Undergrad: 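One structure is given below, represented as structure tokens, and several questions about it will come after.
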Amino acid sequence: MIAVSVGMFWASASYARRPGNQHPSPFAALPVFFNPRPIGVRELSARALRSIARGGRPAVAAQLSLARLGGAALPYVLPALDSLDPHSRERVALALTPVAVRMEVASAEELADGAQAVLFWTRFWQDRAIDFRAASVRHLTGRLAERSIALRREDLIHVDTFALQALIDDLGQVDTQDDVARVQRLNSVLAQISDLPVSCPPNASVADARRVVDTWRDFWDLHGSEYSALDGPRRLAATFVETQYGKWLAAVLRGGLGRTQTGERALDLVSQGLATTSFLLFVGLGGGFPLGVAWTRFERQRLKFATRVASTIAGTALAAIPCATFVRLFAGPSAGLLSAICLVTITTAAWVSRHLARSTMSQSVSPIAAAFSVSAPLGATYPPFVLSAIVLVELLFRLPGLGRIAARSLASGDVNAWMAASLALASASLLLRHAADLIRPRATQSPSMRRG
Amino acid sequence: MNEPLPAKQRLALAAAAAAVLVLVATLLAPLSLELQAYARGLAFAVLAGLSIMAVAFLVALPLGALAASGPRAIDWALRFFCDLVGSLPTVFVAAVFWASTSSTPRFVCALGVLRGLEQAWLLRCEIVRLEAEDPESVPRGLGRTPLVAFLRRRMSAALGPLFVSASFSVAWLTALDAAVSQAGLRPPGALPTWGPLLGAPHPSPLPALLAAGSVAWLTVALHAVFRPPSAA
């Protein structure tokens, strides 16, 4: 299943790379499976520092980038100030003014002059460097999560985005009103330090608070590496984690197979579609396979050439799936599940009968024995065929099945929904293939043994 | 009593089927835009269907034979790739191929390779089954039996399922095309084919009927052409 999930993901990523795609994934900028150079806050802040120090046009974008990185970049930017020439140092110090305002440690007027700004940041780092440690920030967020005290809130605002990860981690699970209150406290800090308009109102319900938590977790999935230092084993892990596949896997491991673009749990979406698709698959196969065997038996017993030819033509024509279009054409989309089941059953019967009629079994072998005998090759080629037929009938008759969900999510670039639906379909396909392999008659010696 | 048609008659039947379709398309094409779309789709279905069959045979024959009677690694690799590719409905694999390949010939070749993998597994299973049923063949395999003898005795007897699968190539292609169109996964600048005629939200009855009828007609013709002597 791991190999299959890799294949599915590759399919989704390849489809998303098509020219003129209107629905790119938020993770489209990341490599699909392997990231040889993961980028963290250290690299981003060093890049911004160099651009601002050089000045010119690129410095404008770098200033915005540095302001967004905020407190998380300070442990890398402030110690490097001394290595710059005086003019560059002033440019960098001035670029940090929006960060100081957001951290509520200085006003814009106080830092209007370059020399003043350099002096301020030098003193700030001498006094506050000790606060920019993961352990102390975790301690602060843990206490804010427990109780609301204004001073703790201010301390966290003073370290700005350096506290993002700890704050998001402490959002935790939301089940009770106490959890809602915790989310409200942490959300007010998060909204200020990230400049994002995410609100959790005083009368928020548990569902509202859960949505807020999901928003922050999505934010962290997308931008987390920009605020984290990727050192040592973390850098090694980031070569996999900071990929599109790694992000999907992280969402799956959080539970519910991730969330779809509409905010629904992908697992719930699959549960809804599974009933329709399973019903179509098992009723269609359960009815179609014996019908195909009976069809072959009927065809073999007919002595008249015309009857046999008519049966062959009917079987071949029915196995050609576009006849689903006819049914839709005449029956309309409201025809529903019954028409869909009939179509899948007839298609299966026609497909099986054509294979049985043309397999190398002699006339003396009964079609039932032949059916079991060819189950392995049929099992190999039939599941993708029948699942394609099911996708088509689900789309034509607007049935809420997995095939329809997979098709729509692939078209709209909803990776989590696509992966959940396609993995469920793949499980069904693999199950059919291996079941077909199990029921085939065994030789006294396996081919591999005979090969030595 | 169940004698297959002679080879010449089968080829004549297929040629007649194609000729009738081309004639119908030629006569109908000037009448309306929809019928022109049908005629263009017919050209694509015939050419692409034949190309898929050719590529599939090129892939399936050596790969299936080697997987059945050659090194075990090939058998394992074929099974793995068939499991991988076959785990997804073919319509999605086709949609991905179509979106990621820049040209129609490459898309058709990719479909041919996909079809070839399926057919290679069919061939492998049939050869293994025949060997299991024939006690005299126990020590035989590629590398032990002379190649010519292997090809004449085993391969010729094992081609039945491959031919059945091949005869559905045009139907398979059109069904995929219709499903891809219906799912909204068709590339915007793709060649005019029967997919939009059959998979459109509100298909026009006449061209859709003609297209689906032509698919059935071509499939029956291919089925007759590929009728192996052993099916008698």
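Every chain is numbered from 1 and lettered A, B, ... according to where its sequence line falls, protein lines coming before strand lines. Computed from a prediction, not measured in an experiment: that's the story for all the values here.
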Undergrad: So, for B/F92 and A/A406, which heavy atoms are closest and what is the spacing to 0.1 Å?
TA: CZ-CB, 3.5 Å
Undergrad: Does atom CZ of B/F81 have more than 12 heavy-atom neighbours, drawn from other residues, nucleotides or ligands, at distances under 6.0 Å?
TA: no
Undergrad: Of the backbone (N, CA, C, O) and the side chain (C-beta and beyond), which part of A/V391 lies under 4.5 Å from a heavy atom of chain B, both, or neither?
TA: side chain
Undergrad: Any idea which of A/S427, A/A428, A/A407 has the most non-hydrogen atom pairs under 4.5 angstrom with chain B?
TA: A/A407
